[in-house]
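Let me begin by handing over the structure; questions about it come next.
The first residue of the sequence shown is numbered 1, and numbering continues consecutively from there. Indexing begins at 1, ligand by ligand and atom by atom, following the structure's order.
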Amino acid sequence: MTMNTKRIVLSSDHAAIDLRQAIAAHVAAKGFEIVDIGPVTTESTDYPKHGEAAARRVASGDCALGIIICGTGQGIMMAANKVRGIRCGVCSETFSARMIRAHNDANMLALGARVVGTGLALEIVDAFLATEFEGGRHGRRVDMIAALEDQA
Ligand code: RB5
């Protein structure tokens with residue numbers, strides 16, 4: 001599978017509708033298949049359920065990667081990481097976005113719509129989607145993270 005055939009799930013809370021739509025258009029224009037699971041209005045809504053819904057799409061294998069957004073990115077990231085098999089990091093710059101793929105095999109990216117502007121957010125998304133997991137010693141460490149799920 002090449003990167004451009006990957007299905008990407010997008011979700012947010014009410015704080016990030018505009019940024020989510022900008023990311024959807026940007027990523028679709030690059031040839032990725034977008035699964036945008038909303039919400040569609042700016043009515044106040046609870047970020048945990050949106051983080052979980054996107055995470056389940058990734059954990060089930062329906063989508064290869066996920067991008068989730070709330071005001072800070074923090075709450076929706078915390079919710080997503082409660083789903084078995086999810087490795088999600090919040091990024092506010094591109095270095096971390098590359099590294100969570102390269103070293104941590106992150107399968108979800110969280111963004112804060114009240115933290116980063118649209119231009120930077122799109123660069124962070126590009127960095128995340130363009131980077132592959134390096135494996136090797138990093139694979140052993142990612143396996144250690146997974147093992148923690150059996151000890152909870
Ligand atoms: C909503 O006001 C806000 O709390 C939410 O978007 C997010 O920042 C939580 O982590």
*So which protein heavy atom does atom 7 (C) of ligand 1 come closest to, and at what separation?*
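Answer, as residue, atom name and distance: Cys70 SG, 3.3 Å.
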
*For ligand 1, does Asp13 get within less than 4.0 Å through its side chain, its backbone, both, or neither, judged by non-hydrogen atoms?*
side chain

*Taking the non-hydrogen atoms of Met78, is any one of them nearer than 4.0 angstrom to ligand 1?*
no

*What do you reckon, does Tyr47 have a nitrogen or oxygen under 3.5 Å from a nitrogen or oxygen of ligand 1?*
no

*Around atom 3 (C) of ligand 1, find the nearest protein heavy atom and jot down its residue, atom name and distance.*
Arg114 NH1, 3.8 Å

_Residue pairs, two or more places apart or on separate chains, that pass salt bridge (charged side-chain N to carboxylate O under 4.0 Å, His left out) and touch residues 86-95_ =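 Applying salt bridge (charged side-chain N to carboxylate O under 4.0 Å, His left out) to every pair that reaches into residues 86-95, excluding sequence neighbours, yields Arg87-Asp105.
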
*asked:* Could you check whether any side-chain N or O of Arg114 sits under 3.5 Å from a backbone N or O of Gly73, counting only pairs where one atom can act as donor and the other as acceptor?
replied: no

*When you measure from the side chain of Asn107 to the backbone N and O of Ala55, does any donor-acceptor pair fall under 3.5 Å?*
no

*Determine yes or no for a side-chain-to-main-chain donor-acceptor pair under 3.5 angstrom, with Arg98 supplying the side chain and Thr131 the backbone.*
no

*Taking atom types as modelled, find out whether His50 and Ser12 have a side-chain donor-acceptor pair closer than 3.5 angstrom.*
no

*Are the charged groups of Glu132 and Arg101 less than 4.0 angstrom apart, N to O?*
yes

_Proximity of Ala15 to ligand 1 by residue part, where a heavy atom lies under 4.0 Å_ =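 Side chain only.
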
*Polar-atom distance check: Gly75 versus ligand 1, any N or O pair below 3.5 Å?*
yes

*Starting from atom 8 (O) of ligand 1, find the nearest protein heavy-atom neighbour and note its residue, name and distance.*
Thr72 N, 3.0 Å

_Quick check on side-chain contact (heavy atoms from CB on, under 4.5 Å): which of Leu65, Ile34, Asp36, Val58 does Val9 satisfy it with?_
Val58

_Where ligand 1 meets Gly71 - atom numbers and elements under 4.0 angstrom, heavy-atom basis_ = 5 (C), 6 (O), 7 (C), 8 (O)

